[in-house]
> 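Here you go, one structure.
Side chains included, hydrogens not; waters and symmetry mates left out as well; all remaining heavy atoms used. So you know, we letter chains A, B, ... as the sequences are listed, proteins then strands, and number each from 1. Everything numeric here is computed off the predicted structure, so don't read it as measured data.
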Amino acid sequence: SQQGEEDPQALSIQEGENATMNCSYKTSINNLQWYRQNSGRGLVHLILIRSNEREKHSGRLRVTLDTSKKSSSLLITASRAADTASYFCATDAVNRDDKIIFGKGTRLHILP
Amino acid sequence: EAGVAQSPRYKIIEKRQSVAFWCNPISGHATLYWYQQILGQGPKLLIQFQNNGVVDDSQLPKDRFSAERLKGVDSTLKIQPAKLEDSAVYLCASSLDPRHSLNTEAFFGQGTRLTVV
């Protein structure tokens, strides 16, 4: 069964705008990760945030984590055409032998 | 640093045939994962190895799927016999031993796209 649930399922924005994607999960986690997948390619790790962290930045990416609400958000600022991809959150749940479980993803399309 | 290598990249087989996929993880990575990704969905974990032992295979359809990692390095995933619904991308990933590292980032291969006709 899938642990994470991304929202929205699909998102189209103009180049230069900010894109926000959300992820909700069900059980307590050790950490949460965001991955990007370009069409027909493997997944690329973007950022990992631990359960005791609330916010993390990496370049144009900003990730927040609210463990009380069991949710996370990924913000991509100043979007570019190359950001067009599917974005997945993946959780490493407590007491689940460090399995990394993925959500269904958000398909982001950046319009020129 | 070399990434996770998978082969073949593409495979087309008829239903009821068998197929095998190969994965070579990043050197030194103790944990190896096989995921199945059906078009439009997120990756679904099939099996997780810690060195050459199976940590979790609860979602592996064991009547037709098998996987091994005999020497704790390379791994193969086999489907026998294949069904139409097995058409998917099969992704291999590896990570450092989570028992000894706080970083469970998984590195993915390019995947094998399987089409069963």
> So which bits of residues 108-117 of chain B come within less than 4.5 Å of chain A, counting non-hydrogen atoms only?
Phe108(B), Gly109(B), Gln110(B), Arg113(B)

> So, does Tyr35(B) use its side chain to make a donor-acceptor pair with the main chain of Ile101(A) at under 3.5 Å?
no

> How many angstroms lie between CG in Leu43(A) and CZ in Phe107(B), if you round to the nearest 0.5 Å?
13.0 Å

> Is there a chain of hydrophobic side chains (I, L, V, M, F, W, Y, each step under 4.5 Å between heavy atoms) that links Leu32(B) to Val55(B)?
no

> Identify whether Leu11(A) and Val63(A) are in the same connected component of the hydrophobic contact network (ILVMFWY, side-chain heavy atoms under 4.5 Å).
yes

> Quick one: CD on Glu105(B) to CD1 on Ile47(A), what's the gap to the nearest 0.5 Å?
11.0 Å

> Checking Gln6(B) against chain A: side chain, backbone, both or neither under 4.5 Å from a heavy atom?
neither

> Take atom CZ in Arg9(B); do more than 12 heavy atoms of anything else shown fall under 6.0 Å from it?
yes

> Would you give the length of the straight line joining atom CZ of Phe88(A) to atom CD of Gln41(B), rounded to the nearest 0.5 angstrom?
9.5 Å

> Other residues, nucleotides and ligands only: do more than 12 of their heavy atoms fall within 6.0 Å of NZ on Lys56(A)?
yes

> Rounded to the nearest 0.5 Å, what separates atom CG in Leu91(B) from atom CD in Gln37(A)?
6.5 Å

> Look at atom CD of Gln9(A) and say whether more than 12 heavy atoms of other residues, nucleotides or ligands are closer to it than 6.0 Å.
no

> Within a radius of less than 6.0 Å around NZ of Lys62(B), do more than 12 heavy atoms belonging to other residues, nucleotides or ligands occur?
yes

> For Arg60(A), give me all partners under salt bridge (Lys or Arg N to Asp or Glu O under 4.0 Å), at least two apart in sequence or on another chain.
Asp83(A)

> Membership question, hydrophobic clusters at under 4.5 Å side-chain separation (ILVMFWY): are Leu45(B) and Tyr90(B) in the same one?
no

> Indicate, with yes or no, if Val73(B) and Ile47(B) share a hydrophobic cluster defined by side-chain heavy-atom contacts under 4.5 Å among Ile, Leu, Val, Met, Phe, Trp and Tyr.
no

